[in-house]
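Atoms considered below: every heavy atom in the structure, side chains included; atoms not considered: hydrogens, waters and symmetry mates. Just so we're clear, the structure is a prediction, and the values are computed from it rather than from any experiment.
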Amino acid sequence: MRSIYIETTIPSLATSRPSRDTIIAGRQAATMCFWENERHNYDLYVSQYVIDECSLGDVDAAKRRLDFLQSIPVIPKSERISVLADRYQQVLAIPERAKVDCFHLAVCVIAEMDYLLSWNCTHLGIHTFVKLQKYNEKQGLMTPLLLTPEVLMERNETEG
């Protein structure tokens, strides 16, 4: 079975109140569609970085996010992940305020995830993927596909 790393935006959108913004509402719907219909076809993982991010903010919202992730195995932090995340921050030019995204990428690469599932297309989208793939190829590292739930489900329809 293919593996998916669930990044923080997935539980955040899945457990937040329904949005009036049509784009966010569409993302919430796609996330829940994936969660209800597709997630059982994959081995799902999160990292301690996701748990840490989901723990922040409003106490009730944090509880909903953490409950959402309760049965998913957690990949612990490690020195190897930290070193690779530091390198990714330089190579990918990700700002310090978004450095946790480098940790998400490093976890996926070291754990050899097939996919990183996220709605963060700013730092975990196609432009990052292209640079990441080029760097990882030179280093002999695998590169997970960086996908939104919507794109992953479209891929499944096309391949299925």
Side-chain angles (χ1 to χ4, degrees), residues 1-16 27-57 61-62 64-92 94-95 97-137 139-156 159:
M1 215 177 322
R2 293 196 173 258
S3 57
I4 295 180
Y5 178 83
I6 304 294
E7 186 266 342
T8 312
T9 56
I10 302 303
S12 293
L13 280 169
T15 62
S16 62
R27 289 177 180 175
Q28 288 174 315
T31 300
M32 290 314 298
C33 183
F34 168 79
W35 203 255
E36 292 167 2
N37 303 313
E38 305 261 345
R39 75 178 165 118
H40 305 292
N41 300 321
Y42 300 93
D43 290 326
L44 304 179
Y45 298 89
V46 295
S47 70
Q48 188 59 49
Y49 302 100
V50 173
I51 300 300
D52 293 348
E53 283 187 293
C54 284
S55 299
L56 299 173
R64 286 193 306 273
R65 291 188 295 267
L66 293 171
D67 287 348
F68 183 81
L69 299 173
Q70 192 170 17
S71 63
I72 301 173
V74 178
I75 300 167
K77 295 178 180 181
S78 74
E79 182 64 25
R80 191 171 171 214
I81 291 168
S82 293
V83 169
L84 188 57
D86 287 343
R87 187 69 188 126
Y88 283 162
Q89 186 177 17
Q90 295 169 353
V91 170
L92 304 173
I94 292 180
R97 65 179 164 65
K99 186 172 182 179
V100 72
D101 295 331
C102 299
F103 286 94
H104 294 309
L105 291 168
V107 168
C108 286
V109 170
I110 288 172
E112 297 188 348
M113 295 283 122
D114 294 303
Y115 305 111
L116 185 155
L117 200 64
S118 175
W119 285 106
N120 176 357
C121 298
T122 302
H123 298 120
L124 300 174
I126 188 67
H127 298 296
T128 297
F129 176 78
V130 171
K131 290 189 256 181
L132 180 70
Q133 188 174 36
K134 185 183 282 188
Y135 176 80
N136 283 355
E137 257 180 43
Q139 303 303 314
L141 300 169
M142 62 77 61
T143 303
L145 291 178
L146 311 180
L147 302 174
T148 64
E150 185 176 48
V151 171
L152 180 59
M153 289 186 295
E154 287 172 8
R155 276 179 62 96
N156 291 341
E159 291 174 1

K.L.:
Can you name the residues that form a side chain to side chain donor-acceptor pair (under 3.5 Å) with Gln28, not counting sequence neighbours?
P.N.:
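Checked Gln28 against side chain to side chain donor-acceptor pair (under 3.5 Å); matches are Ser16.
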
K.L.:
Which pair of heavy atoms, one from Ile81 and one from Pro76, lies closest together, and at what distance?
P.N.:
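Taking Ile81 first and Pro76 second, the nearest heavy atoms are CD1-O, 3.6 Å.
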
K.L.:
Run the side chain to side chain contact (heavy atoms under 4.5 Å, CB included) check on Phe34 and Ile10 step by step: do they pass?
P.N.:
CA-CA 10 Å; Phe34 168 79; Ile10 302 303; 5.7 Å; no

K.L.:
Can you run down the salt bridge (charged side-chain N to carboxylate O under 4.0 Å, His left out) pairs that involve residues 78-87, sequence neighbours left out, and say none if there aren't any?
P.N.:
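Residue pairs with at least one partner in residues 78-87: Asp86-Lys99.
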
K.L.:
If you measure from OG on Ser12 to CZ on Phe68, what distance do you get to the nearest 0.5 Å?
P.N.:
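Reported value, rounded in 0.5 Å steps: 9.5 Å.
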
K.L.:
For the atom pair CZ (Arg39) and CD1 (Ile6), what is the distance rounded to the nearest 0.5 Å?
P.N.:
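If I round to the nearest 0.5 Å, the distance is 9.0 Å.
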
K.L.:
Sequence neighbours left out, cut at 3.5 Å: what donor-acceptor pairs do the side chains of residues 101-117 make with other protein atoms?
P.N.:
from	atom 1	to	atom 2	distance (Å)
Asp101	OD1	Asn120	ND2	3.3
Asp101	OD2	Asn120	ND2	3.0
Asp101	OD2	His123	ND1	3.3
His104	ND1	Tyr5	OH	2.6
His104	NE2	Glu53	OE1	2.8
Asp114	OD2	Ser3	N	2.7
Asp114	OD2	Ser3	OG	3.3

K.L.:
Kindly compute the distance separating OG1 (Thr128) from CD (Gln133), expressed to the nearest 0.5 Å.
P.N.:
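Thr128 OG1 to Gln133 CD: 12.5 Å, rounded to 0.5 Å.
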
K.L.:
Of the non-hydrogen atoms in Cys33 and Met153, which two are nearest, and what is the gap between them?
P.N.:
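Scanning both residues completely, I find the closest heavy atoms to be SG-SD, 3.9 Å.
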
K.L.:
List for me each residue that meets salt bridge (charged side-chain N to carboxylate O under 4.0 Å, His left out) alongside Lys77, sequence neighbours excluded, and say none if there are none.
P.N.:
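Asp52.
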
K.L.:
Sequence neighbours excluded, which residues qualify as side chain to side chain donor-acceptor pair (under 3.5 Å) partners of Trp119?
P.N.:
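Here the qualifying residues are Thr31.
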
K.L.:
Which donor-acceptor pairs under 3.5 Å do side chains of residues 139-152 form with protein atoms, sequence neighbours excluded?
P.N.:
from	atom 1	to	atom 2	distance (Å)
Thr143	OG1	Asn136	ND2	3.1
Thr148	OG1	Val151	N	3.2

K.L.:
For Tyr45, enumerate each residue passing the ring-ring contact (aromatic ring centres under 6.0 Å, His included) test, keeping only those at least two apart in sequence or located in another chain.
P.N.:
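ring-ring contact (aromatic ring centres under 6.0 Å, His included) check on Tyr45 returns nothing, list empty.
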
K.L.:
Checking Ala61 now: which residues fulfil side-chain contact (heavy atoms from CB on, under 4.5 Å) with it, not counting sequence neighbours?
P.N.:
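Listed in chain order: Asp58, Arg64, Arg65.
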
K.L.:
Return the CD to CG distance between Glu137 and Leu132, rounded to the nearest 0.5 Å.
P.N.:
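If I round to the nearest 0.5 Å, the distance is 10.5 Å.
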
K.L.:
Do Trp35 and Leu13 have side chains that approach each other closer than 4.5 Å (heavy atoms only, starting at C-beta)?
P.N.:
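Result no, sub-4.5 Å side-chain heavy-atom pair not found.
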
K.L.:
Can you name the side chain to side chain donor-acceptor pair (under 3.5 Å) partners of Glu38, sequence neighbours left out?
P.N.:
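Testing Glu38 for side chain to side chain donor-acceptor pair (under 3.5 Å), a comparison that skips the adjacent residues, returns Asn156.
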
